[in-house]
Structures are given as structure tokens and as C-alpha cells.
Asks: 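Just dropping this structure here.
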Amino acid sequence: MTTPKLPLATLAAMALVGCATNASSRSAHPSPPDDPATASFEAVVVGTIHRSHLTESAYPLSHLAGLIETYRPDLILVEIRPEPFARGHLEDGPFEMGYVTWLGQSKGIAVSPIDWFRDEDVGVDADPEPEPADRRAYEEETAELDARMDHPLTFAEVHSPRQDAAVLSMLNVRARYLAGNPGWNRRQAWLHQQALEAIRRRGAHRVLAFVGAFHRPELEAFLAAEGGSVRSPRSIPFGATARTPAPPQVVQLWREGAARLRAQAAKAPAKRAEALTSKARYFEVAADRAGQCCVEPAAFDAPSS
């Protein structure tokens with residue numbers, strides 16, 4: 001089936017909407033590293049595509065399983081906040097984060113949550129507006145980048161130099177025109193720090209990080225700057241992994257997560273409720289299909305059966 005192409009701006013928005021759930025805005029504040037130069041680890045940073053794993057035939061969930069099986073890390077990092085993770089509320093992150101968390105733990109691999117954001121930002125366009133004199137330039141530069149990335153979100157493309165360059169260019173545009181892009185940059189700074197803290201706390205040597213595709217280039221660069229040896233996911237020879245259904249335990253996690261998301265939506269302000277309901281719906285689609293591709297995007301808009 002032909003996969004619809006998502007513009008970069010849409011993928012960037014999914015980076016936060018895909019992570020909505022109920023948790024305190026208080027973050028765990030890890031202590032800064034004593035000596036950044038002492039880090040000694042290899043890291044593979046995998047960019048995931050959230051609900052598009054259910055529509056993109058060239059990047060199914062089974063690729064993530066293949067990476068875990070082939071690379072055999074001693075630590076997996078996931079895009080979930082620490083507090084919900086500790087409670088078992090893995091729906092705080094995108095649905096694939098629950099999948100890789102369960103797979104890793106079932107193999108005896110340590111899994112650490114590294115995300116950070118505030119509940120009140122979910123479903124709300126909190127970005128500053130460009131100055132009136134800058135609006136046209138901002139829209140033109142954003143449109144040009146979207147046009148450059150007008151392609152399916154395949155595994156190869158998500159981890160390509162072209163994608164990395166486009167993501168970093170988009171973040172540059174947003175920082176220049178949106179008052180420094182403060183919400184995103186604060187989240188990224190904590191995600192980076194919590195990733196490094198988890199690696200050092202665990203004494204990890206082989207690290208497999210799963211984060212949304214927009215988070216990937218900056219996290220990879222940060223870990224390299226902290227002394228890590230970074231390796232492209234495309235260099236892992238996991239081959240053509242069989243597209244088997246997600247384990248029943250994972251399907252149950254998705255169903256329970258969807259129910260909690262809908263319960264939260266019932267009590268939330270309108271925009272947050274809309275984001276939570278949308279997320280619950282795609283968790284339900286994932287559960288109904290046991291995580292297998294492929295559905296049409298319209299499936300995410302239909303009411304749950």
C-alpha cells in the first residue's frame with residue numbers, strides 16, 4: 001500500500017502529542033556528571049515514528065525487535081518520563097516505547113526512561129509566534145524543508161544523513177524565529193541529561209536508545225560529545241525480521257494504557273482532552289492489530305469498536 005508522506009512539521013508535533021499522559025510536571029533532577037570525559041560506551045540511537053509504525057510498511061515494529069535481538073544492548077533507553085514509568089504507565093510515551101520496554105525486560109535487559117515535559121503543554125500550541133516581520137521567512141523556510149523531506153518514513157530514510165540534516169535545519173529555523181524554541185530545547189536538555197545519567201548509573205557499555213525521529217540527531221550528537229562512540233542503526237545487520245504479532249502482554253499494556261488515556265481525557269481541558277483521545281485511539285488500533293502494519297491513516301479517526 002502507498003504510505004502517505006508526513007511533513008516534518010507534522011512529525012515534530014507528534015513528538016509531544018505522542019507522549020501525552022497524566023503525571024506530575026516535577027522532573028527527576030539528576031546530578032551533573034563529575035567528568036564528562038570519562039564516559040566509555042557505545043550508543044545506537046534509533047528514531048521511531050510513533051503511530052506511523054502502523055502505516056509505514058518499510059518501518060514496522062518488528063524492526064525494533066530485530067535491533068534489540070541483534071545488537072544485544074546492556075541498557076535500553078526509552079522516551080517515557082520516569083514517574084509514569086515507575087508506576088507501569090508506559091502510555092506516557094508513544095506505543096512503541098511500551099513494546100521495546102517489554103521486549104527488553106523480557107530478555108533481562110535494563111530499561112531506563114529519559115523523557116521530560118509538562119502535562120500542561122500537551123495538546124497546546126505553546127510555541128511563541130514569529131515576529132510579524134519574520135513570519136513570511138519562517139513559513140517559506142519551513143515549507144522548503146518540508147518539501148525536501150517529502151518521502152515515506154522508511155527505516156533507512158529516518159536514519160539517513162538527509163533526514164538528520166533536515167531535522168537539525170528545522171530546529172535551527174524554529175530557534176531563530178520562535179524566540180529560541182524554549183519548550184523544545186528545555187525538553188531536549190533534560191532528555192539528554194537523563195540519558196547520560198542512566199548510562200553512568202547503570203555502568204552501561206552497549207546502549208540502545210529509542211526516541212522519536214525528531215529527538216534522534218541531537219541526542220546522538222550529545223552522547224558523542226560526552227565520550228560515547230555512536231553507531232548508526234543502519235549498521236546493525238538485523239536482516240528481515242519476521243513480522244510476528246506483538247506478544248499478548250504488550251497488547252494488554254496498550255489496551256490498559258488506552259483506557260487510562262480515555263479516563264484522563266474525560267477530566268481534561270478541551271485541547272488536552274483532544275490530544276489524549278487521539279492517542280488512546282491509536283493505542284486501540286495497535287492493540288486490535290497486535291502492532292502489525294498496515295492500516296490507512298483514517299483508522300485513527302474512527303471511533304473505537
Side-chain angles (χ1 to χ4, degrees), residues 5-19 36 39 41-50 52-53 56 58-59 63-64 67 71 73 75-80 93-94 96-97 100 114-117 127 141-142 144-178 180-199 207-236:
K5 301 177 177 70
L6 288 180
L8 271 176
T10 301
L11 189 57
M14 286 170 62
L16 183 56
V17 173
C19 299
F41 59 90
E42 181 178 83
V44 177
V45 182
V46 181
T48 66
I49 55 174
H50 307 336
S52 294
H53 285 295
E56 178 50 70
Y59 194 178
H63 279 33
L64 308 183
L67 285 165
Y71 185 64
L75 176 63
I76 291 174
L77 305 177
V78 292
E79 187 186 319
I80 301 174
E96 70 270 22
M97 298 301 157
V100 297
I114 62 171
D115 203 4
W116 184 96
F117 59 88
D127 291 332
E141 290 187 44
T142 299
E144 189 274 333
L145 285 167
D146 278 340
R148 275 172 49 190
M149 300 300 290
D150 186 22
H151 55 74
L153 295 171
T154 67
F155 177 83
E157 195 63 52
V158 165
H159 300 100
S160 69
R162 178 172 71 168
Q163 170 80 0
D164 287 351
V167 168
L168 293 172
S169 294
M170 179 67 81
L171 294 174
N172 177 279
V173 168
R174 292 173 69 82
R176 283 188 284 119
Y177 292 118
L178 303 183
N181 202 13
W184 174 267
N185 286 326
R186 186 181 186 192
R187 181 184 181 192
Q188 284 291 86
W190 277 115
L191 187 149
H192 297 167
Q193 178 60 27
Q194 294 188 151
L196 183 62
E197 184 75 4
I199 291 168
V207 180
L208 193 54
F210 292 97
V211 294
F214 244 69
H215 297 288
R216 197 193 84 80
E218 289 186 316
L219 177 58
E220 186 177 78
F222 177 80
L223 294 178
E226 291 292 342
S229 172
V230 297
R231 183 176 173 184
S232 169
R234 293 173 68 171
S235 74
I236 309 300

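Just so you know, these numbers use all the heavy atoms, side chains as well, and skip hydrogens, waters and symmetry mates. Position 1 is the first residue of the sequence; numbering continues from there.
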Asks: For a quick test of reading the model, state the closest non-hydrogen atom pair linking Ala198 to Leu77 and the distance between them.
Replies: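 Minimum heavy-atom separation between Ala198 and Leu77: CB-CD2, 3.9 Å.
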Asks: For Ala156, enumerate each residue passing the side-chain contact (heavy atoms from CB on, under 4.5 Å) test, keeping only those at least two apart in sequence or located in another chain.
Replies: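 Partners of Ala156 under the side-chain contact (heavy atoms from CB on, under 4.5 Å) test: Thr154, Arg234.
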Asks: Can you sort out the partners of Arg176 under side-chain contact (heavy atoms from CB on, under 4.5 Å), two or more places apart, ordered by chain and number?
Replies: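 side-chain contact (heavy atoms from CB on, under 4.5 Å) list for Arg176, sorted by chain: Glu141, Asn172, Val173.
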Asks: Please round to the nearest 0.5 Å and tell me the distance separating atom CZ of Arg187 and atom CG of Asn181.
Replies: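 So the CZ of Arg187 and the CG of Asn181 are separated by 11.5 Å.
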Asks: Hey, what do you get for NE2 (His50) to CD (Glu56), rounding to the nearest 0.5 Å?
Replies: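 That separation rounds to 15.0 Å.
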Asks: State which residues pass side-chain hydrogen bond (donor to acceptor under 3.5 Å, both in side chains) with Ser160; sequence neighbours excluded, sorted by chain then number.
Replies: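 By the side-chain hydrogen bond (donor to acceptor under 3.5 Å, both in side chains) rule, Ser160 matches Glu157.
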Asks: Hey, does the side chain of Gln194 reach the backbone of Asp115 with a donor-acceptor pair shorter than 3.5 angstrom?
Replies: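 Checked: pair present.
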Asks: Could you tell me which residues satisfy salt bridge (charged side-chain N to carboxylate O under 4.0 Å, His left out) with Arg231, sequence neighbours excluded, listed by chain and number?
Replies: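 Salt bridge (charged side-chain N to carboxylate O under 4.0 Å, His left out) list for Arg231, sorted by chain: Glu42.
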Asks: Restricting to non-hydrogen atoms, name the atom on Ala166 and the atom on Leu145 that form the minimum distance, rounded to 0.1 Å.
Replies: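 Nearest pair, atom of Ala166 first, then Leu145: O-CD2, 4.2 Å.
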Asks: Tell me every residue that passes salt bridge (charged side-chain N to carboxylate O under 4.0 Å, His left out) with Glu220, counting only those two or more places apart in sequence or in another chain.
Replies: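 Glu220: salt bridge (charged side-chain N to carboxylate O under 4.0 Å, His left out) contacts with Arg216.
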Asks: So, for Ala43 and Leu223, which heavy atoms are closest and what is the spacing to 0.1 Å?
Replies: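 Looking at all heavy atoms of both residues, the closest pair is CB-CD1, 3.9 Å.
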Asks: Look at the rings of Trp184 and Phe214 and say which category their plane angle falls in: under 30° parallel, 30 to 60° tilted, over 60° perpendicular.
Replies: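 Perpendicular: the ring planes of Trp184 and Phe214 meet at over 60°.
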Asks: Considering non-hydrogen atoms only, spot the tightest contact between Pro217 and Asp164 and give its length.
Replies: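 The pair with the smallest heavy-atom distance is CG-OD1, 3.6 Å.
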Asks: Calculate, to the nearest 0.5 Å, the distance between atoms CD1 and CG belonging to Ile49 and Leu153 respectively.
Replies: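 These two atoms lie 5.0 Å from each other.
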Asks: Looking only at heavy atoms, what is the nearest atom pair of Ala213 and Val158, with distance?
Replies: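 Minimum heavy-atom separation between Ala213 and Val158: CB-CG1, 3.9 Å.
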Asks: State the OG1-CD distance between Thr48 and Glu79, to the nearest 0.5 angstrom.
Replies: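 One gets 6.0 Å once the value is rounded to the nearest 0.5 Å.
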Asks: Once you round to the nearest 0.5 Å, how far does CG of Leu219 lie from CZ of Phe210?
Replies: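 It is 12.5 Å, given to the nearest 0.5 Å.
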Asks: Can you name the closest pair of heavy atoms from Glu96 and Leu64 and give their distance?
Replies: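 The answer is CB-CD1, 3.9 Å.
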Asks: Contact between Met170 and Asp146 at the side-chain level, heavy atoms closer than 4.5 Å - yes or no?
Replies: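 The answer is yes, as the side chains (C-beta and beyond) meet within the 4.5 Å cut-off.
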Asks: How would you list, by chain and number, every residue that makes a ring-ring contact (aromatic ring centres under 6.0 Å, His included) with Phe155, sequence neighbours excluded?
Replies: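 In terms of ring-ring contact (aromatic ring centres under 6.0 Å, His included), with neighbours along the sequence ignored, Phe155 is linked to Tyr59, His63, His159, Phe238.
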Asks: Do Val167 and Gln163 have side chains that approach each other closer than 4.5 Å (heavy atoms only, starting at C-beta)?
Replies: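 Val167 reaches Gln163 side chain to side chain.
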Asks: I would like to know whether Val46 and Val100 meet side-chain contact (heavy atoms from CB on, under 4.5 Å); could you show each step before the answer?
Replies: CA-CA 11 Å; Val46 181; Val100 297; over 6 Å; no
Asks: Could you measure the distance from the CH2 atom of Trp116 to the NE2 atom of His192? Nearest 0.5 Å is fine.
Replies: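 So the CH2 of Trp116 and the NE2 of His192 are separated by 13.5 Å.
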Asks: Can you confirm whether Val45 sits close enough to Val230 that some side-chain heavy atom of one is under 4.5 Å from a side-chain heavy atom of the other?
Replies: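 A side-chain contact under 4.5 Å is absent here.
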Asks: For Glu218, enumerate each residue passing the salt bridge (charged side-chain N to carboxylate O under 4.0 Å, His left out) test, keeping only those at least two apart in sequence or located in another chain.
Replies: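 Scan of Glu218 (salt bridge (charged side-chain N to carboxylate O under 4.0 Å, His left out), adjacent residues dropped) gives none.
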